[in-house]
Structures are given as structure tokens and as C-alpha cells.
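Chain letters run A, B, ... following the sequence lines, proteins first, then strands; residues in each count from 1. We use all heavy atoms of the structure for the numbers below, so side chains are in, but hydrogens, waters and symmetry mates are not.
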Number of protein chains: 2
Amino acid sequence: MCTTEDKIIDAAIVLFSQKGYTAVTTKEIAKEAGVSEMTLFRHFENKHNLFERAFDRFVFTPKFIALFENLEWNLERDLFNICSSYQDVLRKNQKIILMHLKNDEFNPQFEKMLLKFPNEFKNLLSSYFEEMRNRGVIVENPETLAVSFLATNFGLFFTSLVMSKLTFNTDLQTCISNYVKIFTKGISLQK
Amino acid sequence: MCTTEDKIIDAAIVLFSQKGYTAVTTKEIAKEAGVSEMTLFRHFENKHNLFERAFDRFVFTPKFIALFENLEWNLERDLFNICSSYQDVLRKNQKIILMHLKNDEFNPQFEKMLLKFPNEFKNLLSSYFEEMRNRGVIVENPETLAVSFLATNFGLFFTSLVMSKLTFNTDLQTCISNYVKIFTKGISLQK
DNA sequence: GAATAATGTTAGTTATTACTAACATATGTA
DNA sequence: TACATATGTTAGTAATAACTAACATTATTC
């Protein structure tokens with residue numbers, strides 16, 4: 001089904017995201033991958049190299065721009081689509097994000113790549129809100145709205161990650177549509 | 001100014017929250033504290049014990065209940081106060097939270113303690129929204145609102161932590177009041 | 001079926017880490 | 001001054017981690 005390298009990379013990303021780079025041993029990764037430790041080194045030379053390969057393999061680079069090309073210019077529907085898509089990006093990058101959280105300042109180059117996403121997304125969101133303001137749909141400051149929207153999205157994502165450990169009775173999907181509805185109503189100009 | 005134990009605990013919490021338990025060495029902590037490694041072991045016996053002491057010392061146990069005793073039953077003002085206070089709790093527990101994020105599944109006992117906060121807070125919030133619904137101020141599901149509010153709060157907190165690394169022009173305070181305003185308007189029954 | 005490549009196994013090296021023992025120094029107190 | 005206590009220093013131990021070398025075994029290909 002999949003190559004030896006794939007098995008090792010898969011095992012590495014799982015363990016790195018669970019415990020962090022330092023706390024995981026190469027022996028552990030090899031065992032999880034079902035290969036001998038020697039095979040790991042033969043393929044990846046050293047642990048750090050394996051980390052880089054795992055990062056490159058698992059980082060999901062989204063095309064945010066596409067999200068903003070199919071707009072309906074209906075506030076609630078647009079925001080719901082954007083929110084869902086962003087949640088999807090976060091979920092797809094879940095392991096990378098967790099891995100990074102557990103290895104702060106470990107490698108600035110990866111951090112830079114990961115920070116590109118929210119920055120780019122914020123700018124696109126900001127432009128969207130600006131256009132909506134020009135159209136007279138909203139009045140709030142576009143940048144502030146974008147940051148707020150982004151922060152909430154991350155909060156929802158993270159909450160859903162630990163949700164199983166909490167005594168919450170609400171699922172993520174309900175939360176998202178509810179949030180978008182409220183947010184939309186909250187920023188819409190009343191007629 | 002402060003005792004040797006204090007200096008060591010302070011150094012420990014800083015390093016643990018930056019790099020995680022495993023990635024930090026006792027030698028490193030001793031150096032950061034400006035004492036010899038031997039002194040560290042004389043006071044704390046072993047690394048894990050130091051971790052526990054640091055946790056106990058730095059965990060800030062909030063009295064959420066007090067937050068809900070001085071309510072004005074004005075949606076926006078109440079939510080603003082609650083939000084600000086919760087942000088304060090998160091900030092005060094910042095190092096503990098980061099330390100925990102970097103040591104997932106490290107110690108279930110600490111995780112349980114940390115999860116108590118959002119659970120308790122959610123229940124109180126939920127009751128608040130329920131009462132507001134009874135008063136005819138809002139119509140939404142109280143639990144959903146509470147989870148959404150909580151998630152956003154965490155998102156705002158976390159965003160503010162990494163804000164300096166992002167190209168955002170909006171500060172946390174602006175974001176909070178803006179969010180509360182929008183949220184309030186979004187859930188209020190229009191007359 | 002032979003040659004080649006990929007993997008396993010085992011033993012070992014080097015560096016590091018948590019942690020200890022023993023002794024030296026400083027610092028404050030009776 | 002004398003004594004006790006806190007700290008520093010140095011050396012060392014046991015365990016573990018990353019990583020290598022050498023050889024055995026299996027799988028793949030021609």
C-alpha cells in the first residue's frame with residue numbers, strides 16, 4: 001500500500017504532533033512505523049532530516065484566493081463558506097500545527113511558513129469586508145472584523161480538538177453555523 | 001528579593017512554557033535561575049518534582065462564580081466584563097497553558113485541573129444565557145452560545161500571543177470590545 | 001536461479017541527561 | 001569567634017539517545 005518512507009513519515013508526524021520533537025525518540029518512531037531503527041536512518045540520515053521531510057509532506061498549502069473568487073456577496077452565506085473552508089485548512093494542517101505548538105522557536109523557517117496562512121487569509125478577509133462596507137452592507141472596521149473572525153476560527157478549531165475532553169454538548173458544525181449567523185446579524189446594518 | 005526556590009521555580013516555568021518539559025534540562029534551569037545545578041536538586045529532589053511545584057505555584061485558580069455575581073443584566077456590558085475577566089484568567093495562566101500545550105498527555109492530573117476552568121466557565125455562561133433567554137432578551141440556545149463565546153475567547157487569547165509575529169494592525173482590546181459589541185447585537189432580539 | 005537492493009539484527013560509540021557523593025566556600029547567627 | 005546552614009565545585013554513575021558498522025536475511029528483478 002505505501003512505501004517504507006511513507007510509513008516512517010506517517011509515524012513521525014503522529015508522534016511529533018503528540019509529544020513534540022525532543023520527547024520522541026527515533027526508536028519510538030521506528031517501532032510505530034513497524035520498521036527497524038536502522039531503516040529509518042538509512043532513509044532519512046538523521047532525526048532532524050526526518051522532521052523536515054515530515055513537515056514538507058504534511059503541510060497543506062491552501063489556495064485561499066480561490067475561496068474569494070466564488071463569492072455570492074451574501075454576507076451570511078459567504079462567511080459560512082469561508083469559515084468552513086478555513087476550518088478545513090486548519091484540520092488538514094492539524095498535525096503540523098500541533099507539532100509546531102510543541103516545538104516553539106524550534107525552527108523559524110517553519111514558523112514563517114505557518115504564519116503566512118493567517119496573514120494571507122486576514123488580508124483577503126479584510127478586502128472582502130472592505131468591499132462589503134463600500135456596498136453599504138456593514139460599517140465596522142474591515143481589519144478589526146477580519147482579525148476577530150480569524151481569532152474565532154482558531155478558537156473553534158482548537159476547542160474542537162479538545163472538545164472530547166470537555167463536557168460540552170455542542171458540536172463544531174452547530175457552533176460554526178451559529179457563530180456565522182450571529183456574526184452576520186451583528187455586523188449587518190439594520191434597515 | 002526572592003528565595004532560591006523562587007528563582008528556580010520562576011526559571012523552570014519560563015523554560016518549560018517555552019520549550020516543553022522534555023526539551024529543558026536541569027542544567028539549563030539552574031543556569032537561568034543563576035544557581036548551581038546541585039542547588040536545584042537539593043531543593044526539589046528531582047526534575048518532575050520541580051515541575052509539579054512550578055505548576056502548583058503558577059496555576060491561577062479563578063473564582064468564576066464571583067464574575068457572575070455582579071451582573072448588570074445588560075447584555076453588552078455583562079459580556080464585556082466577563083470576556084475581559086476571562087482574558088485576564090487566560091493571561092495569568094499563560095505559562096501554565098503553554099507548558100501544558102507542549103506536554104500533552106504528560107500528566108493527566110494537571111490536564112484535569114486545567115480543563116476544569118473552561119468547563120466551569122461554560123456552565124456559568126450557559127446559565128447566564130439561559131436566564132437572558134427567560135427574560136426574553138435572546139432566543140439562541142444557551143449552551144451553543146456559551147461554547148461559541150468560550151471558543152472565541154480562547155482564539156482571541158491565543159491570537160494575541162502570536163500577534164507580534166503576525167502583520168495584524170488591530171490590538172486585543174479593540175478586538176474584544178468589537179467582538180462583544182457584534183456578538184451582543186447578533187444575539188439580541190430586534191424590537 | 002542468480003544478482004541486486006531493501007530490510008533486519010546486533011553490537012557498539014559518543015554525547016547527553018538526570019542525579020549523587022564528597023568536599024570546599026560563603027554567609028548569617030549565637 | 002564558633003557553629004550551623006545554604007550554596008558552589010568537581011567528579012562521577014547509570015541510563016538513554018542519536019547514530020554507525022558489519023553482517024544476516026528477505027524481497028525483487030532480470
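To the nearest 0.5 Å, atoms CG (A:L90) and CZ (A:F60) are separated by 10.5 Å.
Here D:dT7 is the nucleotide among C:dG8, C:dC19, D:dT7 with the atom lying nearest to any side-chain atom of B:T4. Checking C:dG8, D:dT7, C:dC19 against every side-chain atom of A:R42, the shortest atom distance belongs to C:dG8. Listed candidates were C:dT7, C:dT20, D:dA18. Nearest to the side chain of A:K47 is D:dA18.
Across the protein-nucleic acid pair, B:E5 atom CD and D:dT5 atom C1' stand 14 Å apart, rounded to whole Å. Rounded to whole Å, atom P of D:dC19 lies 9 Å from atom CG of A:L40. As rounded to whole Å, 11 Å separates atom C1' of D:dA6 from atom NZ of B:K7. One interatomic measurement links the two molecules: CZ of A:F41 to P of D:dA22, which rounds to 17 Å at whole-angstrom precision. Rounded to an integer number of Å, the gap from A:D6 CG to C:dT7 P is 12 Å. When rounded to the nearest whole Å, the span between CD of A:E37 and C1' of C:dT10 equals 12 Å.
Taking side-chain N and O atoms only, A:H43 has a distance below 4.0 Å to OP1 or OP2 of C:dT7. Here A:S36 reaches the OP1 or OP2 of C:dG8: one of its side-chain N or O atoms lies under 4.0 Å away.
By the 4.0 Å N-to-carboxylate-O rule, A:E140 lies too far from A:R133 to be salt-bridged with it. Salt-bridge check for A:K165 with B:E111: passed, with a basic side-chain N closer than 4.0 Å to an acidic carboxylate O.
In this view, B:F129 satisfies the ring-ring contact (aromatic ring centres under 6.0 Å, His included) rule with no residue, not counting sequence neighbours.
Counting non-hydrogen atoms of neighbouring residues, nucleotides and ligands closer than 6.0 angstrom, the CE atom of A:M163 exceeds 12 such neighbours.
No side-chain heavy atom of A:F55 sits less than 4.5 Å from a side-chain heavy atom of A:H100.
DNA chain C lies under 4.0 Å from at least one heavy atom of each of the following residues of residues 25-34 of chain A: A:G34.
Mapping A:V24 and A:M38 onto DNA chain D by nearest heavy atom places A:V24 closer to the 5' end of the strand.
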Side-chain donor-acceptor pairs under 3.5 Å in residues 23-38 of chain B, sequence neighbours left out?
unit_1 : atom_1 : unit_2 : atom_2 : d
B:T25  : OG1    : B:E28  : N      : 3.0
B:T26  : OG1    : B:E37  : OE2    : 2.8
B:E28  : OE1    : B:T25  : N      : 3.2
B:E28  : OE2    : B:K19  : NZ     : 2.5
B:S36  : OG     : B:M38  : N      : 3.2
B:S36  : OG     : B:T39  : N      : 3.3
B:S36  : OG     : B:T39  : OG1    : 3.4

